[in-house]
> 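I'd like to ask you about the structure that follows.
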Amino acid sequence: MLTRSALLYLARQERLKDFATRFSAFKKITARFIAGESIDQAVAAISELNKRGCSASFDHLNESVSSTTETEAEIREYLDILRQIDESGINSNVSIKLTQFGLEIDPELTYRNARTVVEDAARRGNFVRIDMEGSAVTQVTLDIFKRMRAEFELNDVGIVLQSYLYRTEADARELLKIPARIRLCKGAYDEPSDVAYPDKKDVDDNYVRVMKLLLGSGVYHGIATHDPKMIEATTDFAQKEGVGKDAFEFQMLYGIRRDLQEQLARDGYNMRVYVPYGKHWYPYFMRRLAERPANVWFVMKNLWK
Ligand SMILES: Cc1cc2nc3c(=O)[nH]c(=O)nc-3n(C[C@H](O)[C@H](O)[C@H](O)COP(=O)(O)OP(=O)(O)OC[C@H]3O[C@@H](n4cnc5c(N)ncnc54)[C@H](O)[C@@H]3O)c2cc1C
């Protein structure tokens, strides 16, 4: 059976990526986790989610971009998304990855590129979430975010923290002083034990610790998880501490635990679904398989059909 680490290793293999993205049978299978290849398809998926009581966050799939021309195309794509959100009236913000805007080329270029998107979102009263990627870019991502926060308001731009990293509780305390809107997740990358807890139990304990810090801060944060134990810890803590249902939101990924998404929305919680779309689905898709290796059987079964 393929392990989490093996799947995350495969996620980084460029040749496999080229092969898989050309292999049309994969398209059908990825539809479970990816809303399509075009903005129109993502808008349609988000309209459906809105009807089911969930808001959304657009993610144009791309990462580790290595040419400035490609980063410019990413800016255009996001400006287009923000325009289409306004025109279609859907309830959605946007999520970006800094390596999509050139972090592996030049941090200054990245700042300028991401800033263009945040400025447009702020002008439209929308919000940009900066996703968190591998630990090699954690510090530079936080630095760029803090610089952005010095220029833009709390409700214009937010960041993500990952409970598998040892540094996260300290980062959360620092960011809350600014303050900042934080999405808390467990973390999706393959990290060594000198930066991240190797044991799931420690990742979960840290998740609950940081969740309590966030919910106690009075700032609107995102609790991103499909884990019923993390969700229960959050709803219990909120009830005990008198934190209102409208003071935070739950977040889940498109196509994962749809039943739970709808249940939480029906129970009166704010529920936001992260909606990825685009042609560069391979690393995102592989990370979803790594989170639940049983998903590999789902892929095999459907490839066979
Ligand atoms: C909205 C959102 C945004 C995110 N943004 C980031 C980010 O910026 N950076 C980052 O590193 N990570 C991000 N992640 C991914 C996150 O770090 C985890 O890898 C992922 O959410 C799985 O962790 P979990 O909390 O669901 O708990 P887990 O303990 O992994 O899973 C709990 C249960 O959820 C279900 N489940 C979880 N994943 C899957 C799956 N792929 N397929 C089917 N069932 C599944 C299973 O029932 C599983 O038992 C994000 C996740 C969400 C929900």
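Note that ligands are numbered from 1 as they come in the structure, with each ligand's atoms numbered from 1 the same way. Values below: every heavy atom of this structure, side chains too, minus hydrogens, waters and symmetry copies.
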> If we ignore hydrogens and angles and just use 3.5 Å, is the side chain of Glu241 paired with the main-chain N or O of Phe237 as donor and acceptor?
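Between the backbone of Phe237 and the side chain of Glu241 there is no qualifying donor-acceptor contact (under 3.5 Å).
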> What are the atoms of ligand 1, with element, lying closer than 4.0 Å to any heavy atom of Ala224?
1 (C), 2 (C), 52 (C), 53 (C)
> Considering only heavy atoms, does Tyr189 approach ligand 1 within less than 4.0 Å through its side chain, its backbone, both, or neither?
side chain
> Under 4.0 Å from atom 31 (O) of ligand 1, is there at least one protein heavy atom?
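Answer no: nothing from the protein, no heavy atom, is under 4.0 Å.
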> Would you confirm whether any non-hydrogen atom of the protein falls under 4.0 Å from atom 49 (O) of ligand 1?
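No, no protein heavy atom sits under 4.0 Å from atom 49 (O) of ligand 1.
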> What do you reckon, does Gln162 have a nitrogen or oxygen under 3.5 Å from a nitrogen or oxygen of ligand 1?
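So ligand 1 has an N or O lying under 3.5 Å from an N or O of Gln162.
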> Could you work out, for atom 37 (C) of ligand 1, the closest of Glu191, Met252, Arg32, His226 by heavy-atom distance?
His226
> Could you tell me whether Leu289 and ligand 1 have an N or O pair separated by under 3.5 Å?
no
> Do the side chains of Glu174 and Arg167 get close enough for a salt bridge, i.e. N-O under 4.0 angstrom?
no
> Has ligand 1 got any nitrogen or oxygen that is less than 3.5 angstrom from a nitrogen or oxygen of Phe33?
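In fact, backbone or side chain, Phe33 has no N or O that close.
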> Is atom 2 (C) of ligand 1 less than 4.0 angstrom from at least one protein heavy atom?
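When distances to the protein are checked, atom 2 (C) of ligand 1 has a heavy atom within 4.0 Å.
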> I'd like to check which ligand 1 atoms, numbered from 1 as shown, lie under 4.0 Å from a non-hydrogen atom of Tyr274.
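By the 4.0 Å cutoff, the relevant atoms are 1 (C).
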> Can you find an N or O of Pro228 that's nearer than 3.5 Å to an N or O of ligand 1?
no
> For side-chain hydrogen bond (donor to acceptor under 3.5 Å, both in side chains), just list the numbers for Gln261 and Arg258, CA-CA rounded to whole Å, side-chain angles, deciding distance to a tenth of an Å, and then say yes or no.
CA-CA 5 Å; Gln261 294 173 12; Arg258 275 174 283 207; over 6 Å; no
> Side-chain contact, heavy-atom cut-off 4.5 Å: Met211 with Met230?
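SC-SC contact between Met211 and Met230 ruled out.
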> With atoms numbered from 1 as shown, which atoms in ligand 1 lie under 4.0 angstrom from a non-hydrogen atom of Val160?
7 (C), 8 (O)
> Looking at ligand 1, is there an atom of it that comes within less than 4.0 Å of some heavy atom belonging to Met230?
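Per 4.0 Å heavy-atom rule, Met230 does not contact ligand 1.
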> Should the heavy atoms of other residues, nucleotides or ligands under 6.0 Å from CD of Glu87 be counted, would the total exceed 12?
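Result for CD/Glu87: enclosed.
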> With no hydrogens and no angle check, do the side chains of Glu74 and Asn113 hold a donor and an acceptor under 3.5 Å apart?
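There is no such pair (donor and acceptor under 3.5 Å, judged by atom type) between the side chains of Glu74 and Asn113.
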> Looking at non-hydrogen atoms alone, which of Gln251, Arg288, Arg257, Arg287 comes nearest to atom 15 (C) of ligand 1?
Arg288
> Taking a cutoff of less than 4.0 Å between a non-hydrogen atom of the residue and any ligand atom, is Lys200 in contact with ligand 1?
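It does; at least one heavy atom falls under 4.0 Å.
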> Is there at least one pair of N or O atoms, one from Tyr164 and one from ligand 1, spaced under 3.5 Å apart?
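Among all N and O atoms of Tyr164, none is under 3.5 Å from an N or O of ligand 1.
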> Minimum distance, heavy atoms only, to atom 19 (O) of ligand 1: which one of Glu291, Arg129, Glu249 is it?
Glu291
> Mind telling me whether Tyr166 and Tyr197 have parallel, tilted or perpendicular rings, with 30° and 60° as the class edges?
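Because their plane-to-plane angle is over 60°, the rings of Tyr197 and Tyr166 count as perpendicular.
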> Asp131 and Gln100: side-chain donor and acceptor closer than 3.5 Å?
no
> Check contact between Glu133 and ligand 1, using heavy atoms of the residue and a distance below 4.0 angstrom.
no
> Pairing donors with acceptors under 3.5 angstrom, does anything connect the side chains of Asn270 and Tyr220?
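Looking only at side-chain atoms, Tyr220 and Asn270 do form a donor-acceptor pair, the distance falling under 3.5 Å.
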> Tell me yes or no: between the side chains of Arg183 and Ser57, is some donor less than 3.5 Å from an acceptor?
no
> Charged N to carboxylate O below 4.0 Å: is that the case for Lys97 and Glu133?
no
> For Leu253, which part has a heavy atom under 4.0 Å from ligand 1: side chain, backbone, both, or neither?
both
